[in-house]
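Here is the structure we will look at.
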Amino acid sequence: MKNNKSIDVFNGDADGLCALMQWRQVYPQSAQLVSGVKRDNSLLKNIEAGPGDELLVLDINFENNRADVVRLLAAGASIRYFDHHYPGVRIEHPALSLTIDESPQCCTSLLLNQALAGKQWAWAITGAFGDNLPEVAQALAANHGLSTEQGGSLRKLGELLNYNGYGNELADLHFNPVDLYQALREYAEPFAFIAAADQFKQLCAGHAEDMSAASGLTPQTQNPGAAVYVLPDQAWARRVIGVWANDLSQQYRQRAHLILCPDGGGSYTASVRAAQQHPYGASAFCREFPGGGGREAAGGITRLAENQLESVIKRFLTEFPVN
């Protein structure tokens, strides 16, 4: 007799980790864990499942995984899918539960908070902070009576979990996201992890060092509503690209940002942040280029040749700011 299996597939950033923490705190179950670097949005391609198998898919782009969703459903698996990125064409199937919300003030952790009636709200707040939604996270923290200090602790954890997800390959990261999730689930709530986990201390130290290296960088070019930065070909730059883009977007709220970074293999990756005062257009811009995607307020492009950079920068400065 075949033993049915559960498979948890999650983005390796703060949003994916905190979404999974919420679900498995409410529905504890042993499951096969599948994750990767933040930009690996095609995680279903290597999964095999059949009749009776159950997949939980969190915070990975539906458009990039649609063909594998269809394949796995045809094989008899059931799939529960939560995400907030541009999905392309949605599908319907009796074994598919698809929850996607593209609004700029939403993330997967907040979708899980709704689905679970707020039972694990501290992890939802952490995920929202990590996904660069500080106003939403702060409002939720206030609703639950957290002090400014407690909210600040969850913000720090969320930003560190997000920081850990960035890199061109797993070797760039401080922790494999699967290992980091297994460390997180040793703690019922995030404050305990902050207080006791060695992983938290290591991420604090790594983040401080990498952000210090980025602190002296200035825009390569800019206009009143947009700025472009080009990072050096260093592992620290690949780790910091996303969280630094988030910091810039909060510091210069009227400005959109394009951050370009060599991927260590002869190409470039890009992180795009729409202006906080008009958090739209990042996903559409990134989808103009192969390997690009995201959500309204934030997006990325996985691989750009060096000879494409000039056209990408010109296009970015033309499209942003959006009035």
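All residue numbers in this chain count up from 1 along the given sequence.
Here side chain to side chain donor-acceptor pair (under 3.5 Å) pairs that include residues 28-43, with residues two or more places apart or in two chains, are S6-Q29, D13-K38, R39-S271. Residue pairs that meet the salt bridge (charged side-chain N to carboxylate O under 4.0 Å, His left out) test with at least one member in residues 288-300, sequence neighbours left out, are D131-R295, E288-R315. Evaluation of the side chain to side chain donor-acceptor pair (under 3.5 Å) test over residues 168-183, restricted to residues two or more places apart or in two chains, returns Y163-H174. Every pair passing salt bridge (charged side-chain N to carboxylate O under 4.0 Å, His left out) that includes a residue from residues 145-168 is listed here, sequence neighbours excluded: R155-E159. Among residue pairs with one or both ends in residues 216-226, none qualify as salt bridge (charged side-chain N to carboxylate O under 4.0 Å, His left out); sequence neighbours excluded. Legend: side chain to side chain donor-acceptor pair (under 3.5 Å) pairs involving residues 195-208, not counting sequence neighbours: none detected.
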List the atom pairs, donor and acceptor, that lie under 3.5 Å between side-chain atoms in residues 303-312 and the rest of the protein, sequence neighbours left out.
{"residue": "Q308", "atom": "OE1", "partner": "A305", "partner atom": "N", "Å": "2.7"}
{"residue": "S311", "atom": "OG", "partner": "Q308", "partner atom": "O", "Å": "2.8"}

**Request:** Just do the side-chain contact (heavy atoms from CB on, under 4.5 Å) check on E54 and N4 with the steps written out, would you?
**Result:** CA-CA 8 Å; E54 298 179 345; N4 295 337; over 6 Å; no

**Item:** Candidate pair N246 and R273, rule side-chain contact (heavy atoms from CB on, under 4.5 Å), full reasoning
**Value:** CA-CA 7 Å; N246 288 345; R273 300 293 182 270; 2.6 Å; yes

**Request:** Tell me, with the steps shown, if M211 and D247 meet side-chain contact (heavy atoms from CB on, under 4.5 Å).
**Result:** CA-CA 10 Å; M211 292 296 281; D247 278 6; 2.9 Å; yes

**Prompt:** What do the steps show when you test Q120 against M21 for side-chain contact (heavy atoms from CB on, under 4.5 Å), and what is the final call?
**Reply:** CA-CA 8 Å; Q120 293 292 319; M21 283 299 298; over 6 Å; no

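Between the R66 side chain and the V89 main chain, a donor and an acceptor come within less than 3.5 Å of each other. Between the Q234 side chain and the W236 main chain, no donor and acceptor come within less than 3.5 Å of each other. A donor-acceptor pair under 3.5 Å links the side-chain atoms of N61 to the main chain of N64, judged by distance alone. A distance-only check finds a donor-acceptor pair linking the side chain of T126 to the backbone of A122 [under 3.5 Å]. Judged by distance alone, the side chain of D8 and the main-chain N or O of A31 form no donor-acceptor pair under 3.5 Å. Between the N65 side chain and the D68 main chain, no donor and acceptor come within less than 3.5 Å of each other. Side chain of N162 to backbone of G130: a donor-acceptor contact under 3.5 angstrom is found. Remark: side-chain polar atoms of Q150 are paired, donor with acceptor, to backbone N or O of S147 under 3.5 angstrom.
K45 is not listed as a side-chain neighbour of R71, based on a closest heavy-atom distance of 4.5 Å or more. Between T269 and I241, the closest side-chain pair of non-hydrogen atoms falls below 4.5 Å. Using a 4.5 Å heavy-atom cutoff, the side chains of E135 and Q250 are in contact. Using a 4.5 Å heavy-atom cutoff, the side chains of D210 and W244 are not in contact. Two residues are said to be in side-chain contact when any heavy atoms from C-beta on lie closer than 4.5 Å; P190 and W123 meet this criterion. Inter-residue side-chain proximity for H257 and V272 is flagged as unmet; no heavy-atom pair is nearer than 4.5 Å. Proximity of F129 to L133: side-chain heavy atoms (C-beta onward) are nowhere separated by under 4.5 Å. At least one side-chain heavy atom of R80 sits under 4.5 Å from a side-chain heavy atom of W23.
Listed by chain and number, the residues in a ring pair (Phe, Tyr, Trp, His ring centres under 6.0 Å) with H144 are W121 (sequence neighbours excluded). Annotation: ring pair (Phe, Tyr, Trp, His ring centres under 6.0 Å) contacts of Y86 (sequence neighbours excluded): none. Here Y187 pairs with F193 under the ring pair (Phe, Tyr, Trp, His ring centres under 6.0 Å) rule; sequence neighbours left out. Contacts of Y252 classified as ring pair (Phe, Tyr, Trp, His ring centres under 6.0 Å), with partners at least two apart in sequence or in another chain: none.
If you take CD1 on I301 and SG on C286, they are separated by 4.5 Å, rounding to the nearest 0.5 Å. Atom CD in Q105 sits 11.5 Å away from atom NE2 in H84 (nearest 0.5 Å). With rounding to the nearest 0.5 angstrom, the OH atom of Y229 is 11.5 Å from the OG1 atom of T221. Expressed to the nearest 0.5 Å, how far OG1 of T108 lies from CZ of F10 amounts to 13.0 Å. In this structure, the separation between CG on L20 and CG on L58 is 6.0 Å, given to the nearest 0.5 Å. The CG atom of L203 sits 7.0 Å away from atom CG of L161, with the distance rounded to the nearest 0.5 Å.
With a 4.5 Å cut-off between side-chain heavy atoms of Ile, Leu, Val, Met, Phe, Trp and Tyr, the cluster of L43 takes in I7, V9, V34, L44, I47, L55, V57, I60, F62, V69, V70, L72, L73, I79, Y81, I91, L96, L98, I100.
Nearest heavy atoms, P104 versus P279: CB-O, 3.5 Å. Pairing each heavy atom of A237 with each of P232, the nearest pair is CB-O, 3.4 Å. Nearest heavy-atom pair across S153 and F191 is CB-CE2, 4.2 Å. The shortest non-hydrogen separation linking A19 to L112 is O-CG, 3.8 Å. When all heavy atoms are compared, the tightest approach of A115 to F82 is CB-CE2, 3.9 Å. Nearest heavy-atom pair across A282 and G299 is CB-N, 3.8 Å.
Cluster annotation: Y166 is connected to V178 through the hydrophobic network of ILVMFWY side chains, with a link wherever side-chain heavy atoms come within less than 4.5 Å. Residues L160 and L170 do not share a hydrophobic cluster, defined by chaining ILVMFWY side chains whose heavy atoms lie under 4.5 Å apart. By the rule that hydrophobic residues join a cluster once side-chain heavy atoms approach within less than 4.5 Å of another member, L258 and V240 end up as members of separate clusters. Using a 4.5 Å cut-off between side-chain heavy atoms of Ile, Leu, Val, Met, Phe, Trp and Tyr, with links allowed through other members, V37 and F175 fall into different hydrophobic clusters. Residues L260 and L317 fall within the same hydrophobic cluster, defined by Ile, Leu, Val, Met, Phe, Trp and Tyr side chains chained together at heavy-atom separations under 4.5 Å.
Between D263 and R238 there is no salt bridge, since no side-chain nitrogen of the basic residue lies less than 4.0 Å from a carboxylate oxygen of the acidic one.
In this pair, H278 and Y280 present their aromatic rings perpendicular. The plane angle is above 60°, beyond the 30 to 60° band.
In this model, a donor atom of one side chain and an acceptor atom of the other lie less than 3.5 Å apart for D15 and S109. Side-chain contact, R253 with S249: no donor N or O sits under 3.5 Å from an acceptor N or O. A donor atom on one side chain and an acceptor atom on the other are found under 3.5 Å apart for R255 and Q222.
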